[in-house]
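Have a look at the structure below, then the notes.
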Amino acid sequence: MNLLPSKKNFHVTRGHLKRRAIPLAALVVTTAMTFPVIAVGMDDYAITDGNTTEFISMYQGDAEAALQRSSFNEEDYSIVSIVENENGYDVTVKQNYHVTVTADGKTETVYTGDASVSSIIRKAGIELDEDDLVEPSKDTQITEPTNITVTRVTTAQKTQTQEIAYTTETRDASDLEAGKTRVAQKGVNGVEEITLEYTYHDGEQVACVQVGSQVVKEPVTEIVENGTKQPSVTTSSGSSISYSKVITVEATAYSGGGTTASGMSAQVGRIAVDPSVIPLGTKLYITSADGSSWVYGTAVAADTGGAINGNRIEMYFNTVAEFNRFGRLSAKVYILN
């Protein structure tokens, strides 16, 4: 004998069925008379969508089973909440709605009740990779028609080389004349291997970052030496005299004695100069332009003259014969330290 009443016996509207305690005597059946069997311990379910309420009584059932027996189609409605009351349960349902899920260039439609984004994506048959982006986020609870977008995130690494610029180091060189420079070691650029990671959203590049590097060739530092040695000239006696500067001038001669503009007496080794080029009192060493045809020797800028302008000097000689023999020649004047 089937003790569960048929579906139509469980559908009651506009009221609650209360639990009933059936006296044990009511269950006695005589051989002469047949009575209907009444189930003991039935639960009442008040199912509502907020507008319509239906009452379902069930023996050993649950809210899902009650929904199946109601006029709320279980394919169109989903349970939102279940609250126990003194008579049974208040069950709130909500009509299902459409949610679209776009991924991989396709759009799937899911007919669903309230659910998380991740569960709706599973219903759509779409698998997610760990790095994929989902909007709204996977743990968002959907409660109304919504568009869900899945963005596929992929990465790729590429390696390329680039130059490492060499640096330049300067240092003094005592064997090199002051004012001169030389390259003691030529600089060479190095080579670095870098690894770049590219990020793509649905196949479109959105980022590129460096994730690694390795020097495969160290750069070579360029070394430039600056001379500190003072230049020198070798005198006719074989000694060496240091100088700071050498200029080429036009030289003439004079004699006759007298007193120079600096107050010194005129004599060999005291020459006339343009003070704007060679200041008075400057110590000098004078030779021919080629350095060997003739040597006047050491001198001092002691005198001036109206015709001595620019790069011109006039050297004193003791005799008129020497004066006349010299004439006008090109000379080198070394400015001594």
Side-chain angles (χ1 to χ4, degrees), residues 4 6-8 10-13 43-85 88-158 195-212:
L4 291 177
S6 64
K7 180 176 180 179
K8 65 181 180 178
F10 290 80
H11 187 165
V12 181
T13 61
D43 289 325
D44 298 334
Y45 294 88
I47 304 175
T48 181
D49 64 354
N51 296 315
T52 303
T53 302
E54 293 185 14
F55 298 91
I56 305 295
S57 295
M58 295 189 63
Y59 175 74
Q60 292 183 344
D62 55 27
E64 290 287 350
L67 177 61
Q68 293 176 15
R69 293 181 178 274
S70 72
S71 61
F72 293 106
N73 188 329
E74 65 176 324
E75 294 182 358
D76 293 330
Y77 286 85
S78 297
I79 295 174
V80 176
S81 67
I82 303 172
V83 178
E84 188 173 7
N85 57 48
Y89 301 93
D90 292 324
V91 181
T92 301
V93 296
K94 181 179 179 181
Q95 188 169 9
N96 294 340
Y97 44 85
H98 290 95
V99 174
T100 59
V101 183
T102 300
D104 305 317
K106 299 178 182 179
T107 298
E108 301 289 340
T109 300
V110 178
Y111 191 51
T112 181
D114 295 352
S116 66
V117 168
S118 57
S119 65
I120 293 174
I121 290 176
R122 285 195 297 271
K123 288 181 181 179
I126 296 171
E127 294 185 1
L128 293 178
D129 291 331
E130 183 179 355
D131 295 330
D132 289 341
L133 300 177
V134 181
E135 179 62 34
S137 60
K138 291 184 287 185
D139 57 352
T140 300
Q141 193 73 9
I142 299 299
T143 59
E144 60 184 1
T146 305
N147 297 321
I148 299 174
T149 302
V150 176
T151 301
R152 300 297 190 184
V153 179
T154 56
T155 59
Q157 291 188 352
K158 298 179 182 179
T195 302
L196 302 175
E197 184 173 87
Y198 295 83
T199 301
Y200 303 88
H201 285 183
D202 289 333
E204 296 291 330
Q205 181 184 325
V206 296
C208 176
V209 296
Q210 182 176 322
V211 295

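Only this structure's heavy atoms are used, side chains among them; waters, hydrogens and symmetry mates stay out.
Using a 4.5 Å heavy-atom cutoff, the side chains of His98 and Pro145 are not in contact. Looking only at side-chain heavy atoms (C-beta outward), Thr143 and Lys94 come within less than 4.5 Å of each other. Thr48 has its side chain out of reach of Val93: every pair of non-hydrogen atoms, C-beta onward, lies at least 4.5 Å apart. Contact of the Ile142 side chain with the Val99 side chain is registered, since non-hydrogen atoms from C-beta on lie closer than 4.5 Å. Using a 4.5 Å cut-off on side-chain heavy atoms (C-beta onward), Leu196 and Gln157 make no contact.
Using cut-offs of 30° and 60° on the angle between ring planes, the pair Tyr77 and Phe72 is perpendicular.
When the options Asp129, Asp131, Asp202, Asp132 are evaluated for a side chain to side chain donor-acceptor pair (under 3.5 Å) with Arg152, the one that passes is Asp132. The side chain to side chain contact (heavy atoms under 4.5 Å, CB included) with Ser81 is formed by just one residue from the set Asp90, Thr92, Val91; it is Thr92. When each of Thr112, Asp76, Asp114 is paired with Tyr97, the side chain to side chain donor-acceptor pair (under 3.5 Å) condition holds for Asp114 and for no other.
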Quick one, Met58 with Asp43, criterion side-chain contact (heavy atoms from CB on, under 4.5 Å). Give me CA distance, side-chain angles, the key distance, then yes/no. CA-CA 5 Å; Met58 295 189 63; Asp43 289 325; 5.5 Å; no
Would you please test Leu133 and His201 for side-chain contact (heavy atoms from CB on, under 4.5 Å) and show each step? CA-CA 9 Å; Leu133 300 177; His201 285 183; 3.5 Å; yes
Step-by-step side-chain contact (heavy atoms from CB on, under 4.5 Å) determination, Val134 to Thr149: CA-CA 6 Å; Val134 181; Thr149 302; over 6 Å; no
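Distance check, rounded to the nearest 0.5 Å: CD1 of Ile82 to OH of Tyr45 gives 8.0 Å. The distance from the CD1 atom of Ile56 to the OG atom of Ser70 is 6.0 Å, given to the nearest 0.5 Å. Taking CD1 from Ile121 and CD1 from Ile148, the interatomic distance works out to 5.5 Å, rounded to the nearest 0.5 Å. Atom CD of Glu204 and atom OG1 of Thr199 lie 13.5 Å apart (nearest 0.5 Å). The line from CD1 of Ile120 to NZ of Lys138 is 14.5 Å long, rounded to the nearest 0.5 Å. To the nearest 0.5 angstrom, Tyr89 atom OH is 4.5 Å from Glu84 atom CD.
In this structure, Glu75 places its CD atom where only 12 or fewer heavy-atom neighbours from other residues, nucleotides or ligands lie under 6.0 Å away. Heavy atoms from other residues, nucleotides or ligands lying under 6.0 Å from CD of Glu64 number 12 at most. In the displayed structure, Glu127 atom CD is contacted under 6.0 Å by at most 12 heavy atoms of other residues, nucleotides or ligands.
The two atoms that bring Ala124 and Val110 nearest to each other are CB-CG2, 3.7 Å, heavy atoms only. In plain terms, the two heavy atoms of Tyr200 and Lys158 that are nearest each other are OH-NZ, 4.3 Å. In terms of heavy-atom proximity, Gly113 sits nearest to Ser78 at CA-OG, 3.7 Å. The minimum heavy-atom distance between Ile126 and Ala103, with the atom names listed, is CD1-CB, 4.0 Å.
Of the possible polar contacts, one joining the Asp62 side chain to the Ala65 backbone as a donor-acceptor pair under 3.5 Å is found.
Side chain to side chain, Thr107 and Thr102 meet the donor-acceptor criterion of an N or O pair below 3.5 Å.
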